[in-house]
Amino acid sequence: MKEFASKFLPAHSQILMTLAMIVLVVHSWSVRFYFFRFPSYMLYLDIGQLAAVFAYYMAFALLESLAFLLILLVVQAILPANWYRNAFAVTSFPVVLAAAISAYLLQNTLTNDYPGARFLILWAAATLAAMVALVLLVRLLKPATKLVNFLAEQISIMNFLYIPIGVISLIVVLVRLVI
Amino acid sequence: MSASPKFSRRDMLKLLATAPAAMSVSTHVSTLPRESSLKNNIVLLVFDAWSARSTSLYGYRRSTMPNFDQWARKNALVYRQHHSAGNFTVPGTASLLTGTYPWTHRAINLGGRLNAAHANHTIFDVMAPKLQTVAYAQNVNADQFLGQAAKAIFQHLPFGSFNITNQIIYDAPIFDKDAYTAFTAIDEGLVQFIFGTTGSLFLGPLLKLRAERAQVSAEPKFNEGYQFALPKSVESYTLSAVMDGLLDTIKNLREPSFVYFHVFVPHDPYMPYARHYNAFQDDGLAITPRETHPLVDTPINPKKVQLEKLKYDAFIASWDQELIRLFDYLEESKFTDANHLFITSDHGEMHDLGLSGHWSKLMHEPLVHVPLVVAGPGLEKGQDVKTFTSNVDILPTIAHLAGLKRPAWTEGQILPGLGGEVDPERPIYMFEAGNEAAHSPLARYTISVIRSGRKLTYYQYNKGSLYEAFDLRKDPNEENNIYQQGVEPIQSLQVLLEQKLVEIGAVYQPTDGSNQADKVN
């Protein structure tokens with residue numbers, strides 16, 4: 001197992017820094033949305049229900065973050081180590097950033113009508129191109145690499161905030177589903 | 001060793017040859033009404049957002065429901081002046097299911113549900129000791145009440161039972177014990193299928209796209225004859241599949257049951273069959289909408305209102321086409337000789353005064369005057385009940401028909417013609433407070449009272465307050481506001497309304513003695 005990890009996975013610290021970037025983006029979006037809906041929730045939910053809905057938001061965000069991380073881990077395992085694994089956090093930063101901006105723009109573009117496969121393929125291609133461009137920028141420009149490293153380290157504190165909230169929320173949701 | 005009987009290839013072929021016949025018999029047998037299932041059932045059918053004012057049985061000039069009209073005139077007691085206590089699904093359905101007014105059950109917001117004090121005061125709680133309870137709601141908001149009453153419902157058909165796409169998440173078995181929170185958090189937040197951005201940054205849009213794609217894929221397969229697209233209640237459905245579901249539910253009753261079956265049609269988006277849309281398009285019966293009411297927040301232009309009205313009427317007519325199969329079954333099985341059938345709506349729909357739909361502060365008749373017809377053993381067929389009734393009366397009436405006592409907490413009365421007395425002086429109320437907190441005193445609301453055919457509506461909002469009064473017997477379309485402070489019989493209605501507002505704990509602000517329409521403007 002240890003051998004497998006050292007062969008196919010980046011260092012723990014790199015994974016944790018990447019997870020921190022993802023949870024920052026995903027959880028912050030969910031928290032923002034929850035408080036956007038809060039005035040309407042207050043009309044018909046009591047305090048217990050408000051807390052339960054928040055628990056769903058945070059549990060869902062945790063699972064979403066882990067799913068995103070898993071995708072990045074799979075991608076880095078496929079790509080040559082020098083391309084991704086050896087600088088996992090620095091490379092993931094622009095990937096997460098581009099994905100988040102793309103998702104945000106897509107959210108605001110979507111109506112209730114299916115936009116069609118062509119539109120979605122173009123959108124995905126544009127997102128992928130932005131990711132590659134940003135990764136190249138960060139990897140090739142030393143100051144950019146330094147800056148991203150610095151930011152990734154600072155952001156890693158988010159793990160201590162959002163991961164416990166997510167885990168507690170997940171337990172709350174599981175208890176509610178069982179009892 | 002005894003010789004075992006041989007089963008040759010020829011025997012096998014013979015056996016196979018009998019299979020179609022056996023299958024045919026089995027199908028036939030399953031559609032035959034079972035003796036035990038055809039007695040003492042009470043079926044309550046609710047069509048969502050179905051206004052009496054758009055129904056030919058109630059005098060609407062377009063022949064929107066010729067089949068319903070014909071069946072009801074021949075078989076049912078027709079309540080001519082039946083009103084919902086609310087102007088949209090949540091309060092309307094909650095009043096129907098609890099026999100209480102919105103200020104009591106407090107399900108007053110979009111997405112809201114019954115307050116704790118009344119969570120066990122549903123029609124299912126009343127009926128469960130006597131009849132097996134079966135419930136289905138194709139409206140997600142109505143389905144939340146079924147979740148609240150889960151302990152009293154023997155068979156709760158999931159929301160997506162008769163839909164053809166499946167994207168709603170809260171009705172998955174894993175959420176059985178926490179469906180309401182799952183609905184609020186996931187379906188109305190994290191994924192948010194209906195409109196707007198989602199609470200989940202990445203998975204939200206992906207799930208939304210998946211749902212939209214499923215709907216697009218379903219179109220060529222299922223859209224046979226719809227003018228625009230398939231009908232949609234978050235998930236796509238077909239009118240015929242919903243009717244199949246309704247018929248199957250009734251035919252498969254095994255014990256005497258109380259069945260609540262709430263279908264989404266004719267709620268918007270209106271998706272009529274092309275033949276009905278085309279039939280109404282140039283029939284010369286379109287009504288010119290009146291000017292925008294001062295309390296309509298986002299007025300719709302008259303042309304659009306007229307177009308939506310056309311689509312709404314055609315959608316009702318399309319549903320009426322499907323109802324033929326229900327009425328045929330009822331006749332063949334003589335269902336109403338031994339069972340009761342109620343057909344009604346949770347609220348109405350209006351295309352007038354700048355409004356297209358029902359989500360508004362208004363309480364005009366198209367929004368609250370809903371059809372109610374009842375067929376059953378011993379009832380006078382084809383008779384009209386002209387007294388004003390409310391949908392809070394449905395629960396005590398159904399309890400009475402089942403031989404149960406009228407619950408003490410209900411604010412309704414047994415319907416005349418079904419065991420109740422005609423009381424022309426009885427007031428009925430309608431209430432809207434969609435933007436008020438369900439747990440707080442009510443300060444912004446619309447309340448209407450009808451007594452002896454006269455209707456008084458009081459609007460209390462930040463912009464100001466406004467009274468409107470109409471004599472519905474002489475002016476059913478509410479064109480002539482007869483409100484004048486201190487003039488009988490409106491004065492006594494106003495006293496009644498003020499007493500009610502004090503009783504329900506709403507903050508009542510007396511006016512300076514004049515109609516304050518100018519303040520609203």
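Numbers restart at 1 for each chain; the letters A, B, ... are given by sequence-line order, proteins then strands.
- With chain A as the partner, the residue from B/Gly199, B/Gly111, B/Gly189 showing the most heavy-atom pairs under 4.5 Å is B/Gly199.
- At most 12 non-hydrogen atoms from other residues, nucleotides or ligands lie less than 6.0 angstrom from CD of B/Glu224.
- Among B/Ser200, B/Ala116, B/Gly112, the residue with the largest count of heavy-atom pairs under 4.5 Å with chain A is B/Ser200.
- In this structure, B/Arg213 places its CZ atom where only 12 or fewer heavy-atom neighbours from other residues, nucleotides or ligands lie under 6.0 Å away.
- In this structure, B/Tyr461 places its OH atom where more than 12 heavy-atom neighbours from other residues, nucleotides or ligands lie under 6.0 Å away.
- Here the CG-CD distance, from A/Asp113 to B/Gln215, works out to 9.5 Å after rounding to the nearest 0.5 Å.
- With chain A as the partner, the residue from B/Ala185, B/Ala182, B/Ala438 showing the most heavy-atom pairs under 4.5 Å is B/Ala185.
- Taken from NZ in B/Lys208 to CG in A/Leu110, the straight-line distance is 6.5 Å, to the nearest 0.5 Å.
- At a threshold of 4.5 Å between non-hydrogen side-chain atoms, the residues B/Leu203 and A/Glu64 count as touching.
- Within residues 21-55 of chain A, the residues having any heavy atom less than 4.5 Å from a heavy atom of chain B are, in residue-number order, A/Val25, A/Val26, A/Trp29, A/Ser30, A/Arg32, A/Phe33, A/Arg37, A/Tyr41, A/Met42, A/Leu43, A/Tyr44, A/Leu45, A/Asp46, A/Gln49, A/Ala52, A/Val53.
- Applying the side-chain contact (heavy atoms from CB on, under 4.5 Å) rule to A/Ala129 yields no partners; only residues at least two apart in sequence or on another chain are considered.
- The backbone N or O of B/Thr198 sits less than 3.5 Å from a side-chain atom of A/Gln107, completing a donor-acceptor pair.
- Heavy-atom neighbours of chain B within the stretch residues 77-85 of chain A, taken at a separation under 4.5 angstrom, are nonexistent.
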Pairs under 3.5 angstrom only: tabulate donor-acceptor contacts from the side chains of residues 165-174 of chain A to other protein residues two or more places apart or in another chain.
unit_1: A/Ser169; atom_1: OG; unit_2: A/Ile165; atom_2: O; d: 2.7

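- For A/Ile157, the CD1 atom counts as loosely surrounded, since its 6.0 Å shell holds 12 or fewer non-hydrogen atoms of other residues, nucleotides or ligands.
- Both the backbone and the side chain of A/Ala100 come within contact range of chain B, with heavy atoms under 4.5 Å apart.
- Counting all heavy atoms, side chain and backbone alike, B/Phe202 lies closest to A/Ala99 at CE2-O, 3.4 Å.
- The backbone N or O of A/Ile179 lies less than 3.5 Å from no partner atom in the side chain of B/Lys177, so there is not a single donor-acceptor pair.
- Interatomic distance, OH of A/Tyr56 versus OG1 of B/Thr181, reported as 5.5 Å (0.5 Å rounding).
- B/Asp176 CG to A/Leu177 CG: the interatomic distance, rounded to the nearest 0.5 Å, is 9.5 Å.
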